[in-house]
Amino acid sequence: MTYSSTSQPITIAVVNDYDIIVRGVAAMLEPWPHLSVVELDVGGCPEQPVDVALFDTFATPRNCLDRAAEMIDDATVRSVVIYTWQASGDFLDRAYDIGVADVVYKSEPAEALVEAIHLAAVGRRAPRRTPRRTRSVVGADHLTEREREVLALLAAGHPNRRIADELFLSQDTVKTHLRSLYRKLGVQNRTQAAVRADVWIGTPVGTASA
């Protein structure tokens, strides 16, 4: 899809709980001059009127629909696009039911996200996405997307039970991910992992090698 350089810019608020995430997503959108990121929102909802709230769900898959619904109900935001690694059929059903304009997967090219933002801004919806689960690519020196999510929640101080609930995992699976990321980070416990989290959490979109 092509966009006219003379059309009215689409105003966007990038929403996430981590500053590195919102700045990474905003940087990815810079090549498109018709998109204007006017707000980087960490931990809350947009405070100024925007055409689209782009909600990166990194580390918040369970409560993100509640937050999306809050943004949709707030007249400050015209449309909400969710940006995520994966989504179950139930997640997609609930997202579309509450009025989310689109759910875009991070494995898709940046152009797909730009098109979703454009359609949302003009009140249109792309064809429904199919459910997708993240494929973790394990590298000796890298964290998988799932391990990054676990690390982000660990760094926020959440116990294993809360991490399991947030990521729709069993506690045993969370423990398995923790053992793996401890090994990759070269640490021995949760405290040491949390100290390293600012280095490993949320490599900006388009640069992650995991």
When Val103, Leu92, Asp102 are each screened for side-chain contact (heavy atoms from CB on, under 4.5 Å) with Arg128, the one that passes is Leu92
Run the salt bridge (charged side-chain N to carboxylate O under 4.0 Å, His left out) test on Glu149 and Arg146 for me, step by step, so that the C-alpha distance in whole Å, both residues' side-chain angles and the decisive distance to 0.1 Å come before the verdict.
CA-CA 5 Å; Glu149 292 173 338; Arg146 178 62 84 194; 2.6 Å; yes
*Check the side chains of Thr176 and Thr173 for a donor-acceptor pair under 3.5 angstrom, ignoring hydrogens and angles.*
no
Check: Taking NZ, NE, NH1 and NH2 as the nitrogens, is one of them in Glu108 or Arg129 under 4.0 Å from a carboxylate oxygen of the other?
Finding: yes
**Study point:** Any side-chain heavy-atom pair of Val25 and Asn16 under 4.5 Å
**Key:** no
One should read off an interatomic distance between Asp74 CG and Glu47 CD, to the nearest 0.5 angstrom, of 10.5 Å
### Query
Side chains of Cys64 and Phe91: closer than 4.5 Å at any heavy-atom pair?
yes
Item to check | Other residues, nucleotides, ligands: >12 heavy atoms within 6.0 Å of Gln48 CD | outcome: yes
task = Using the rule that two of Ile, Leu, Val, Met, Phe, Trp, Tyr join whenever any of their side-chain heavy atoms come within less than 4.5 Å, decide whether Val42 and Met28 are in one cluster.
result = yes
Is it the case that the side chains of Arg190 and Asn160 hold a donor-acceptor pair, with the cut-off being a distance below 3.5 Å and no angle test? yes
query: Does Ile12 reach the side chain of Val38, with side-chain heavy atoms less than 4.5 Å apart?
result: no
### Query
Is any side-chain heavy atom of Arg162 closer than 4.5 Å to a side-chain heavy atom of Leu153?
no
Check: Do Leu113 and Tyr83 have side chains that get closer than 4.5 Å, going by heavy atoms?
Finding: yes
Nearest heavy-atom contact between Ser180 and Glu147 is OG-OE2, 2.6 Å
Donor on one side chain, acceptor on other, Asp90 and Ser88, under 3.5 Å: no
In Val52, Val50, Val37, the residue satisfying side-chain contact (heavy atoms from CB on, under 4.5 Å) with Thr11 is Val50
Pairwise side-chain contact, Cys45 with Val15, heavy-atom cut-off 4.5 Å (strictly under): no
